[in-house]
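These notes concern the structure reproduced below.
Chain naming here is simple, since letters A, B, ... match the order of the sequence lines and numbering starts at 1 in each.
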Amino acid sequence: MEIPKQYEPKDAEGRWYPFWEQNNFFAPETQTEADAPVFTMVIPPPNVTGFLHMGHALNHTLQDVLARWRRMNGDKVLWLPGTDHAGIATQMVVTRQLAAEGVDRRDLGRDKFIEKVWEWKAHSGGTIQRQMRILGDSVDWSRERFTMDEGLSNAVQEVFVRLYDEGLIYRGEYMVNWSPGLQTAISDLEVEMKPVKGNIWHIAYPIGADAQDSTASGSERVEGLAEAYAALNEGEQKSGLLKTPQGDFVVVATTRPETMLGDTAVAFNPEDERYAELIGKTVILPLVGREIQFIQDAIVEKEFGTGLVKVTPAHDPNDFAMGKRHNLEFIQVISKEAKITDAAPEKYRGMDRFAARKAVVADLEEAGLLLKIEDYTHNVGHCQRSGQVVEPLLSTQWFLKMKPLAEPALQAVLDGRTKIIPESVSKIYCNWLENIQDWCVSRQLWWGHLIPAYYTPDGTIIVARDEVEARERLLSERLDPNTPLTPETDVLDTWFSSQLWPFSTLGWPEETEDLKKFYPTDVLVTAQDIIFFWVARMMMMGLKFMGDVPFRTVYINALVLDPQGQKMSKTKGNVIDPLDVFDKYGTDAARFALTAASTTGLTLALQESKLESARNFANKIWNATRFVLLNCGDIFEDQEPIEWETTLSEPSLADRWILSRLNAATGEVNSALQEYRFHEAAATLYQFFWNDFCDWYIELSKPFVTDKEITDENRAVKRRIIHILERSLTLLHPLMPYITEELWQRLPHKGETICLNQFPTAGARDEQAEQQMELFTGLVSKLRNIRSTFNIAPSVSINAKVAAAEATSQAVINAMSAQIKRLARIENLEVVTAIEIQKGSVRDVVSDIEIAVPLEGLIDFEKEKARLEGNLTKLSKELEGLQKRLSNADFVARAAAEVVAESRARAAELEDQITKLKAMIEAM
RNA sequence: AGAAGCGUAGCUCAGUGGCAAGAGCGUCUGCCUUACAAGCAGAGGGUCGUGAGUUCGAGCCUCACCGCUUCUACCA
């Protein structure tokens with residue numbers, strides 16, 4: 001049989017996915033047992049425009065581990081795939097593509113553009129799906145969904161209408177985050193605050209009553225204000241006014257001087273005595289000439305800047321609130337294009353906001369009103385998608401009231417109906433819900449779900465599923481059903497449809513079989529950056545429309561960092577493409593590395609070394625199987641799976657031990673996955689397979705397995721090794737699907753695929769066998785250690801004497817003596833009752849066993865003495881600690897009885913070893 | 001500004017109040033021992049951030065401090 005010495009992942013990875021998919025192994029219908037438990041997950045839908053990034057690779061791997069594990073446990077598993085229409089991102093991609101062809105989106109028109117998007121999706125939209133197949137995602141492709149599908153669009157419409165009818169959706173003119181780059185409103189969550197180096201400009205506003213026409217128009221320069229301001233700041237501030245021969249001035253400080261064109265008040269704190277005298281007075285707004293009032297508002301902090309704030313109600317959220325409170329005028333001086341409007345003086349009209357800032361500053365300087373410029377770094381909102389500075393703008397938009405929806409979603413997590421892992425994330429979740437703000441859901445885009453609303457010529461809003469229903473609603477509101485209706489052109493925020501994902505994908509609002517069977521889902525595996533965007537909103541919608549939480553458990557997977565522990569970002573240029581990684585190391589290795597790195601933390605630094613060791617592990621699995629196939633293939637009589645052999649020969653110590661270790665590993669893997677401790681499952685499998693199975697069991701099997709004769713005993717060992725290997729591959733399959741399928745298919749097996757092979761359940765441990773094996777491995781290791789310490793070449797044989805105090809130890813040594821000799825390369829192993837003092841021997845002790853290795857002439861006595869004394873010191877120190885503890889009456893009285901007993905036993909063992917070591921040193 | 005999390009071997013991280021604090025990688029030594037050099041065998045490496053407290057007993061619990069990270073809110 002030809003089997004390469006190195007595992008070549010490409011081969012197996014290309015072959016098995018089509019086989020799995022064509023045979024429908026991943027459809028829940030594959031599980032035909034009627035009362036099988038149902039296990040459901042919906043995939044966090046990636047953007048249809050996107051490519052999978054490292055975060056997806058991790059996210060999908062963990063979901064696939066769960067799905068495959070549960071499926072092998074006999075559950076009816078549905079892992080539902082799909083993609084998100086990603087309004088902004090997709091519109092940008094297609095717009096850019098059209099632009100490259102020389103076509104302007106606006107010339108094309110809305111309907112044609114949307115056609116183009118669908119065309120684009122048909123041709124280029126399959127990337128995600130192809131990549132998911134490479135990852136090995138065991139999703140049910142027959143149930144794949146897209147957020148713009150007809151069914152999901154119906155769900156969106158239905159939800160919108162119902163929420164509107166309940167008064168939870170409203171339309172109105174409010175301050176929103178406007179993205180001038182995208183020409184749409186965006187939600188608070190889509191605004192990213194970034195520190196920007198800027199300035200605070202201190203500007204003098206002349207007091208109205210005293211103001212001369214000249215200063216108001218700015219045609220004549222005011223002299224000496226800056227000096228007066230400096231003087232004012234020197235002394236005690238009784239009054240905040242600047243008194244000059246040309247009249248009194250107040251000073252405001254601002255980071256956005258261009259917005260002064262829209263100022264309609266100047267505000268100060270009611271408790272600020274410096275400005276109390278200003279009540280009832282007005283200022284003349286420089287450059288504009290508008291007379292505006294003073295207001296008092298507690299939001300203004302006395303200590304910040306000058307304690308006076310210019311108020312621009314149409315261009316700042318706080319000022320907007322003040323404007324509402326004090327009934328101020330709202331003057332929009334910045335347009336949706338971020339240009340100065342006609343509401344501003346002619347000179348500035350049409351200027352870009354940043355150009356206008358420069359012009360305003362220059363003109364104030366000219367007029368002598370600019371008193372101070374401070375450097376200042378402050379947080380400025382940027383549009384997450386376009387990167388442009390967000391403009392707070394007064395705009396008519398649709399909003400969703402969140403408080404009434406948030407309350408049940410909060411409660412569901414507090415009372416544990418949905419469990420968030422890790423626990424710390426649920427605090428973040430709760431905190432956000434407790435302070436939730438209304439959500440601006442309308443977007444001025446073309447690609448997305450149209451808001452189901454109509455307007456009559458007089459501006460009455462009719463929300464309805466379609467025009468027919470709209471006319472019915474007109475009638476029911478006693479309006480003319482033939483009134484001309486203009487449909488709304490705004491679309492909904494993409495997250496408005498994503499929040500319905502756990503039930504819209506199952507057919508809602510229809511009462512489908514799937515919906516009944518699969519809702520609520522069991523687990524949502526997702527990333528922490530979409531807890532607010534997505535998880536919290538799904539919770540709200542699930543509770544609202546399904547009356548139950550959308551998922552029992554939310555598992556937050558780690559954020560994948562680069563090898564230096566830095567967040568990956570395009571600007572830093574440290575983004576790692578998962579497909580490159582999967583290509584280089586193999587899918588199974590990459591999956592294993594990601595699973596093994598999924599520890600309790602919220603981040604995960606992806607190191608090459610982890611991928612390498614995972615690749616080496618895959619190779620180890622390959623070669624262990626290669627060994628079995630080459631040496632045990634001769635007993636494959638038929639394809640019947642090989643069970644644990646008990647009849648041909650009595651199981652040896654090694655046999656009992658490996659079965660016990662397998663049971664231990666099986667139990668640990670099952671409980672680790674049950675509790676989402678992915679790294680523990682991976683570590684357990686790695687250690688069991690490599691350290692127990694390969695390092696010891698396969699090694700111990702060699703004399704039997706490579707024997708040309710097939711005795712009953714040899715046959716039994718072969719059958720046992722095949723059994724353990726088959727069980728190991730099955731345990732490994734959820735983490736490493738391709739290599740395990742590839743190898744399992746070559747072993748005697750039942751069933752078409754390892755994907756549906758029964759996952760092992762843990763049998764009983766054999767404590768005695770484990771203890772005895774520990775004695776054996778300890779002895780072999782000690783002998784190897786002696787060889788290594790004295791530089792005995794592997795080719796050189798040595799002799800050894802051993803004497804065990806306990807009868808059980810003696811029995812183990814006798815039973816395993818051939819193996820001890822083979823593994824430690826001992827020519828003659830003498831088992832004696834006591835070792836007499838003998839010069840020229842290396843002495844040591846392991847557990848209750850004394851060892852002597854005659855190495856006449858090879859021993860440096862000084863060094864050897866130092867070595868033994870080193871051991872002695874170490875043991876004595878430990879014993880000292882134990883004795884101190886045991887002599888403490890409080891410890892003996894209060895500590896658990898087992899702990900005390902253990903300490904005593906350990907102390908006794910140490911005393912024994914110390915005595916032996918002392919004798920050995922003495923004898924030298 | 002608030003909130004949360006993290007500081008354990010050279011690196012990345014595990015670690016239920018109680019065995020002698022672990023793993024992978026890296027380092028050092030010796031091996032092409034018939035499954036695997038992507039391997040085998042052996043070794044070295046730790047005042048568990050600092051300081052106090054609780055406890056018979058603390059890497060783990062409490063408090064303070066230092067350092068790093070993230071999230072939320074945003075004051076002109």
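Across all strands shown, A/Asp319 has no heavy atoms under 4.0 Å from either base or sugar-phosphate atoms. At the heavy-atom level, A/Ser781 lies under 4.0 Å from the strands shown only through sugar-phosphate atoms. Base contact: A/Arg906 has a heavy atom under 4.0 Å from a base atom. No contact: A/Leu559 has no heavy atom under 4.0 Å from any strand. Looking at heavy-atom distances under 4.0 Å, A/Lys5 makes contact with sugar-phosphate atoms alone, never a base. Here A/Asn888 lies in heavy-atom contact (under 4.0 Å) with sugar-phosphate atoms only. Heavy atoms of A/Glu699 sit under 4.0 angstrom from at least one base atom. Using a 4.0 Å heavy-atom distance criterion, A/Arg825 is classed as a base contact. Within 4.0 Å (heavy atoms only), A/Gly601 reaches sugar-phosphate atoms of the nucleic acid but no base atom.
Atom NZ of A/Lys874 and atom P of B/G46 are 13 Å apart (whole Å). Rounding to whole angstrom units, CG of residue A/Asp529 and P of B/U70 are separated by 14 Å. The interatomic distance linking A/Lys877 (NZ) with B/U47 (P) rounds to 13 Å, in whole Å.
Salt-bridge check for A/Lys567 with A/Asp562: failed, with every basic side-chain N at 4.0 Å or more from each acidic carboxylate O.
Evaluation of the side chain to side chain contact (heavy atoms under 4.5 Å, CB included) rule for A/Asn431 yields A/Asn435 as partners, not counting sequence neighbours. With sequence neighbours excluded, the residues that form a side chain to side chain contact (heavy atoms under 4.5 Å, CB included) with A/Glu612 are A/Tyr585, A/Arg615. Remark: A/Ala818 engages no residue in a side chain to side chain contact (heavy atoms under 4.5 Å, CB included) (not counting sequence neighbours). Take A/Asp319 and apply the salt bridge (charged side-chain N to carboxylate O under 4.0 Å, His left out) test, not counting sequence neighbours, and it matches no residue. A/Gln771 is linked by a side chain to side chain contact (heavy atoms under 4.5 Å, CB included) to nothing, counting only residues two or more places apart in sequence or in another chain.
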* **From CA spacing to verdict: side-chain contact (heavy atoms from CB on, under 4.5 Å), A/Ile200, A/Thr254** => CA-CA 5 Å; A/Ile200 296 185; A/Thr254 181; over 6 Å; no
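We find the CZ-CH2 distance between A/Phe776 and A/Trp696 to be 5.5 Å, quoted to the nearest 0.5 Å. The CD1 atom of A/Ile295 sits 5.5 Å away from the CG atom of A/Asp297 when rounded to the nearest 0.5 Å. Considering NE2 of A/His315 and CZ of A/Phe320, their distance stands at 12.0 Å, rounded to 0.5 Å.
Looking at which nucleotide of RNA chain B each of A/Asn631 and A/Phe617 is closest to, the 5′-most match is held by A/Asn631. Between A/Glu8 and A/Arg626, the residue whose closest nucleotide on RNA chain B is further toward the 5' end is A/Arg626.
The aromatic rings of A/Tyr697 and A/Phe693 lie parallel to each other, their planes meeting at an angle below 30°, with 60° marking the opposite boundary.
A/Glu699 is not listed as a side-chain neighbour of A/Cys694, based on a closest heavy-atom distance of 4.5 Å or more.
To the nearest whole angstrom, the two C1' atoms, one in B/G59 and one in B/A20, are 15 Å apart. For the C1' atoms, the distance linking B/C63 with B/U55 amounts to 16 Å, nearest Å. The gap from the P atom of B/C48 to that of B/A73 amounts to 40 Å, rounded to the nearest Å. Across the P atoms, B/G5 and B/G44 are found 38 Å apart, a figure rounded to whole Å.
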* Asked: What string of B, S and - do you get for nucleotides 71-76 of chain B, 5' to 3', when a contact is any protein heavy atom under 4.0 Å?
  -> SSBBBB
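Contact annotation: A/Trp690 side-chain N/O to B/A38 OP1/OP2 distance is not under 4.0 Å. A/Asn616 has a side-chain polar atom (N or O) that falls below the 4.0 Å cut-off from OP1 or OP2 of B/G39. Note on A/Thr600: a side-chain N or O is less than 4.0 Å away from OP1 or OP2 of B/G15.
Heavy-atom distances under 4.0 Å link RNA chain B to A/Ala605, A/Gln607, A/Ser609, A/Lys610, A/Ser613 of residues 604-613 of chain A, given in residue order.
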Close N/O contacts between protein and nucleotides 28-31 of chain B (under 3.5 Å):
none

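Note on residues 895-907 of chain A: pairs passing salt bridge (charged side-chain N to carboxylate O under 4.0 Å, His left out), not counting sequence neighbours, are A/Glu878-A/Arg906, A/Arg906-A/Glu909. For residues 880-893 of chain A, every residue pair satisfying the side chain to side chain donor-acceptor pair (under 3.5 Å) rule, not counting sequence neighbours, is listed here: A/Gln883-A/Glu911.
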* Structure fact -> Given Watson-Crick and G-U pairs under 3.5 Å, RNA chain B in dot-bracket ([ ] crossing, | other strand) is (((((((..((((....[...)))).(((((.......))))).....(((((..]....))))))))))))....
All N/O donor-acceptor pairs, side-chain side in residues 374-382 of chain A, below 3.5 Å, sequence neighbours left out:
from, atom 1, to, atom 2, distance (Å)
A/Glu374, OE2, A/His202, NE2, 2.6
A/Asp375, OD1, A/Asn199, ND2, 3.2
A/His382, ND1, A/Val380, O, 2.8

